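What follows is one structure encoded as structure tokens, with my remarks underneath.
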2 protein chains.
Amino acid sequence: MPIGIVGGNAERNRDHNQRVVLEYVRTNEPAGRAEIARSCSLSIQAVSNIAAVLESQGLLKPDGHRTGVRGKPALQYRFNPDGAFAVGVELRPDAIVVSLLNLSGELSYSKRITSVVADPQTAVLQILGLLEEAMTETNRERSHLLGAGIVMPGPFGQTALTSAGEAVLPGWDNLDPQEVFEKSLNCPTLIENDATAAAVSERVAGVAKGLDDFCFVYFGAGIGLGVISNGHIQRGAYGNAGEIGHIITQFQGNQCACGNKGCLETYASRFAAIQYMQKFGIDLSTGADFAKLLQESNPHMLDWLDQAGGHLSQVIGTLENLYDPQTIILGGALPDTVIDALIERIELPVGSVSNRADRQIARLVRGFSGRQTAAIGGAAMVIHQTITPSHLTLA
Amino acid sequence: MPIGIVGGNAERNRDHNQRVVLEYVRTNEPAGRAEIARSCSLSIQAVSNIAAVLESQGLLKPDGHRTGVRGKPALQYRFNPDGAFAVGVELRPDAIVVSLLNLSGELSYSKRITSVVADPQTAVLQILGLLEEAMTETNRERSHLLGAGIVMPGPFGQTALTSAGEAVLPGWDNLDPQEVFEKSLNCPTLIENDATAAAVSERVAGVAKGLDDFCFVYFGAGIGLGVISNGHIQRGAYGNAGEIGHIITQFQGNQCACGNKGCLETYASRFAAIQYMQKFGIDLSTGADFAKLLQESNPHMLDWLDQAGGHLSQVIGTLENLYDPQTIILGGALPDTVIDALIERIELPVGSVSNRADRQIARLVRGFSGRQTAAIGGAAMVIHQTITPSHLTLA
DNA sequence: TACTTAACTCAAGTTAGTTGAGTAAATAAT
DNA sequence: ATTATTTACTCAACTAACTTGAGTTAAGTA
């Protein structure tokens, strides 16, 4: 019943510490117990006990001894990526994608079906079937299933903006999808939007591995934003944070479906590109069309990219100034070459808190997971939640 | 040595639980122990022990018994605002403000001196003197001093943007102010920028009391932004988050000191107003000048306000879309009437995630603390840190 | 007046972490 | 080659803080 901040006890503390150790090993492997203890402010003995538990659960595995330094060689622990797995599901009106990820975020299975009826009952049955199939294919036991992360278009009972070209799922209006999936899949379930899921997937296994502060600009039908800050997902007060597509980049500009004029989405989204090219009689309905036109250096395509790049530059600059992230990632349902072409065209302001000399990573990078981002992101959400400790920080 | 996420043990757990109980009582007082236990997922016995400790520390106090319901009447606890206090200091090249706040964030003392030499040694001595004076004036014991929050212009060893009209403190370049103040004041010390401190002060005792997600747009010399998200301060990867003043609102617009063109700060900041009015030979160096010209409906002043309001509208809309906050607060070193005049001129987009029917608070409000915001904010930071538990959430 | 409900106390029990002494195994110094 | 030093780790005893369960108290209700 109680939701929100709660008190701790020995059991919850133990849980927390397991996560802390797991997360430390994941991002610093290989690591010995003494090292872990120092870094996590725990006693060696405590780490020893915790490591033993995690090893017995198959989440950690020993990997030889460290040599070359003084003292007794430390037994090095590594993350055991195959100790558990998570399912990610992307549910859209026209397709379902089911992906299996191991604990390291490596994709071990993925299947996409396009003959979809997206109403609740049918969709759930289809997903269940795909999950069973995936588990037999990959020889996984259900007991190792951490949970499921579902990425689907919302909103659910929340006020939100209507976006251009965004399809809605039929029949889900009055349902709580979290509840529906939790019951039918019979495992812990998370529901998330595509941008946030993509951001998490980059952190679990992509270009943001080890980063605690970054933004992911997601090109779906519209444009979304996922923000990880201090290692935690930012959702805002009502779960609608990151509505980057409706930032106005042009005073009195294009009419947007949301009612405003000049929204970023009307210039730089996939849907915007489709509309733009339509004016010249060019069909751009698939991602392949995009890539092909770009490769051919189609002048209209290049024009669109230039224009989109200009609008994106403004918004990316704003993100840097507001969030002060380690990096900003671009990705989603566009071919890699198109993302790269956009990145090339984005001019980052010289005067920015992000323009620092000691950068470890570029200010702007392309996401790793490409088209499957959403489903992978769903599974990554589960892994993220399993791994990420809920904050107990020391100054 | 270890910074970041750490493991927990009995002692840290206890600390956490004390905060959880304290925070619960603060926001839900009066509250009985059984009620607290249920809400915080702790046993009644645990809450009993914790409450006894907090009472002995003077942080909680019993306040009669609850009647009217069945069962043994619960002893109701209340927050004891005068059980402890915090000092806030605003240190600027031309002034020092020292304020004392009780645990509820109520101002019990404040003094501003303007004959200041801001070099480290002198400033520290002056602050120490003011603190002693404040404690004798208000009859406070040093043992009840929670800590000090210092608000001063940075940056300190960090890459950051140069802002127009921003004065730098002489002699602090190679010092760690946190260390300097911690040693000289001999109490826990926090250093924060004005915008963040202001945001926290609104949460501790102002219009954001009880809010976990909001933004504070701070008018100092430039324009700053403080963001509280999920009850936590957002600082970004390098502590430079919230550089709202350098968001570009006008393509190829005014030249800004940061090197870019068209930054918000060149249109809507106090410094921008001073420059704007200078063109008409009008002096605007004090806040009183501002208020006076506004009251007289000076046409240039009104022109400036209209223009500033336009630029602010853009940025405020962006904040709503990105952070999905419960509200956005405007405040800082401008007279209340000027802030109100700006708010009047800000047009909030209809198409926004913030345009919801079930709002409890306006989308845009004025901060409560006015000119003293910064010093009060410093003290509020200390209270915030004392009270806010470091996240152990239950789904 | 007796019953029910609920808050609370007391004392014992549990859990997970800490502490300190001791052992093992490597590098570094002599 | 031998000794010293450093570091990692184990074992067993200890400890802090929360939980549990059996009362006790005191109000409202039948």
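A note on names: the letters A, B, ... follow the listed sequences, proteins ahead of strands, and every chain is numbered from 1. Keep in mind that what you see is a predicted model, and the values were worked out from it rather than measured.
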> Separation of A:His65 atom NE2 from D:dT7 atom C1', in whole Å?
Replying inline: 14 Å
> Expressed in angstrom and rounded to an integer, what is the separation of B:Arg66 atom CZ from D:dG28 atom C1'?
Replying inline: 13 Å
> Does anything in residues 22-29 of chain B reach DNA chain D, meaning a heavy atom under 4.0 Å, and if so which residues?
Replying inline: none
>> Nearest 0.5 Å, please: how far is CG in B:Leu103 from CG in B:Leu60?
In response: 9.5 Å
>> Test your reading of the model: is there a side-chain donor-acceptor pair from B:Glu182 to the backbone of B:Thr189, 3.5 Å cut-off?
In response: yes
> Do A:Phe79 and A:Ser104 come close enough that some side-chain heavy atom pair is under 4.5 Å?
Replying inline: yes
>> Applying the side chain to side chain donor-acceptor pair (under 3.5 Å) criterion to A:Asp212, which one of A:Gln326, A:His232, A:Arg203 satisfies it?
In response: A:Arg203
> Going 5' to 3' along nucleotides 11-21 of chain D, which nucleotides have protein heavy atoms under 4.0 Å from the base (write B), which only from the sugar-phosphate (write S), and which from neither (write -)?
Replying inline: BB----SSBB-
> Any side-chain heavy atom of B:Leu145 sitting closer than 4.5 Å to one from B:Val87?
Replying inline: yes
> B:Val25 and B:Arg78: which non-hydrogen atoms are nearest, and at how many Å?
Replying inline: CG1-C, 3.8 Å
> So which of B:His144, B:Lys61, B:Arg140 actually passes side chain to side chain donor-acceptor pair (under 3.5 Å) with B:Asp82?
Replying inline: B:Arg140
>> Reading DNA chain C from 5' to 3', where do the contacts with chain B start and stop? Cut-off is 4.0 Å to heavy atoms.
In response: C:dT4 to C:dT18
> If you take all heavy atoms of B:Met135 and B:Phe85, which pair is closest and at what distance?
Replying inline: SD-CZ, 3.6 Å
> When the nearest nucleotide of DNA chain D is assigned to A:Arg70 and to A:Ser48 on a heavy-atom basis, which residue is associated with the more 5' position?
Replying inline: A:Arg70
> Distance-only, no hydrogens or angles: does the A:Gln76 side chain make a donor-acceptor pair with backbone N or O of A:Asp63 under 3.5 Å?
Replying inline: no
>> Please evaluate residues A:Arg26 and A:Glu23 with respect to the criterion salt bridge (charged side-chain N to carboxylate O under 4.0 Å, His left out), reporting the C-alpha separation (whole Å), side-chain torsions for both, the decisive distance (0.1 Å), and the verdict.
In response: CA-CA 5 Å; A:Arg26 189 181 76 90; A:Glu23 169 71 357; 3.3 Å; yes
